[in-house]
Protein chains: 2
Amino acid sequence: MARAALRLLDDVGLPDLTMRRLAAALEVQPSALYHHFPNKQTMLAELADRIIAGRPAVVHSGDWAVDVPAQAAALRDSLLAYRDGAEVVESTLSLGLGADAALRRLADAIVQGGFDDETAGRAATALLHFVLGHVSHEQQRLQYDSLGVVAPRVADEHGLDTSADAFAFGVDLFVAGLRAHVSTR
Amino acid sequence: MARAALRLLDDVGLPDLTMRRLAAALEVQPSALYHHFPNKQTMLAELADRIIAGRPAVVHSGDWAVDVPAQAAALRDSLLAYRDGAEVVESTLSLGLGADAALRRLADAIVQGGFDDETAGRAATALLHFVLGHVSHEQQRLQYDSLGVVAPRVADEHGLDTSADAFAFGVDLFVAGLRAHVSTR
DNA sequence: ACCTGAACACCGTTCAAGT
DNA sequence: ACCTGAACACCGTTCAAGT
């Protein structure tokens, strides 16, 4: 059921992932879905949880400055694995319906740096906002490109992945900022 | 017209800001709106531009480490000035329909630090993602609180504004990260 | 140029009734 | 417990026709 929904998400994208289409994919009446979920947002929350759980958590190295970027990259991969994955997780998170595993993994990695819980929590939240915003934007462009609206990413003149570069740069900014924070206390 | 839409946004929120309601507020038929905007997203893009233009840009001090947080704070204020302001800007930006003034202001402030354009652009994008994500979350909670879904923010036991604090912390992380970046090149 | 009236092709959700 | 059938109260958008 959630599997069918994830497949449909990948096929048609979030804007076209309607309860009626999902029902049709399951060869069932729309009203039947409401025996499994109280409403659409709850159903999307289950998708969000599955999207995030996609990749197993990276083994921690003991060095937070290595683990934080690794967790961020793993999260990005999980989000990219499904069409509009970032948006699904974003909306679920903002409604407080789940997807908190993502925040926890980032916070756990940061905590290794010896930061207090409030600092780690705030840093993790800030980093999560960046990751979601970045990947969301990335996926938006993927759609535009595939629709031929714009030239299909000039990006890699030299075989480089500009999106991944910009992502790594943003994550590094956080790590460097945290490092500076710890050295000035 | 855009003014009426902004008032309606403030009254009912983004999910209930429909073309039909807007038409009713203007005492006009829904179809009449399509003589002013080609579609709903374009209309939201105009709102996004007006929301961002809300506060005049802060005068620059010459010190990027002062100006960047100031621009970020001014942007936050602009977004908070309208219900669901962050979400309106987020969606407009991700569709590439406008609201680029926000990114420009952040990038201009960062550039003063002597960073090259690519670095400044990437840092500005990362910071903007954080700002939008943070304020969006902030506004989501404002709604929940006003609906009495949760206790109205335990937050300020000592009269502190936890949201603003967390925001400033996130911005500082960026500034500290950028500073570290410049000192290691 | 700007608007009305009417329609098209959809939505999410509810609910009595069936098995 | 799970589903159907039918309905309710909506959407965004189009288009001929009017002024």
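Keep in mind that what you see is a predicted model, and the values were worked out from it rather than measured. Just so it is clear: chains get the letters A, B, ... in the order the sequence lines come, proteins before strands, and each one is counted from 1.
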- Item | Neighbour count >12 (heavy atoms, 6.0 Å) for atom OH, Tyr82(A) | no
- Message: Using 0.5 Å steps for rounding, measure from the CD1 atom of Ile51(A) to the OG1 atom of Thr92(A).
- Response: 8.0 Å
Could you tell me whether the side chain of [Y] reaches within less than 4.5 Å of the side chain of [X], counting heavy atoms only?
| X | Y | value |
| --- | --- | --- |
| Leu79(B) | Leu132(B) | yes |
| Leu173(A) | Leu173(B) | no |
| Gln139(B) | Arg83(B) | no |
| Leu103(B) | Leu93(B) | no |

- Message: Is a donor from one side chain sitting under 3.5 angstrom from an acceptor on the other, for Thr162(B) and Asp165(B)?
- Response: no
- With a 4.0 Å cut-off (strictly under) to non-hydrogen atoms of chain A, the first and last hit nts on DNA chain C, 5' to 3', are dC11(C) to dC15(C)
- Would you call the rings of His129(A) and Phe130(B) parallel, tilted or perpendicular, where under 30° means parallel and over 60° means perpendicular? tilted
- Message: When the C1' atoms of dA1(C) and dA17(D) are compared, how many Å lie between them, rounded to an integer?
- Response: 15 Å
- Take atom P in dA9(C) and the same atom in dC10(D), then report the distance between them in whole Å. 22 Å
- Query: Based on Watson-Crick and G-U pairs with both distances under 3.5 Å, what dot-bracket line describes DNA chain C 5' to 3', crossing pairs as [ ] and inter-strand pairs as |?
  - Reply: ||.|||||...|||||.||
- Message: Quick check on DNA chain C: between Arg20(A) and His35(A), whose nearest nucleotide comes earlier from the 5' end?
- Response: Arg20(A)
- Which comes earlier along DNA chain C counting from the 5' end, the contact point of Thr18(A) or that of Glu27(B), where each point is its nearest nucleotide? Glu27(B)
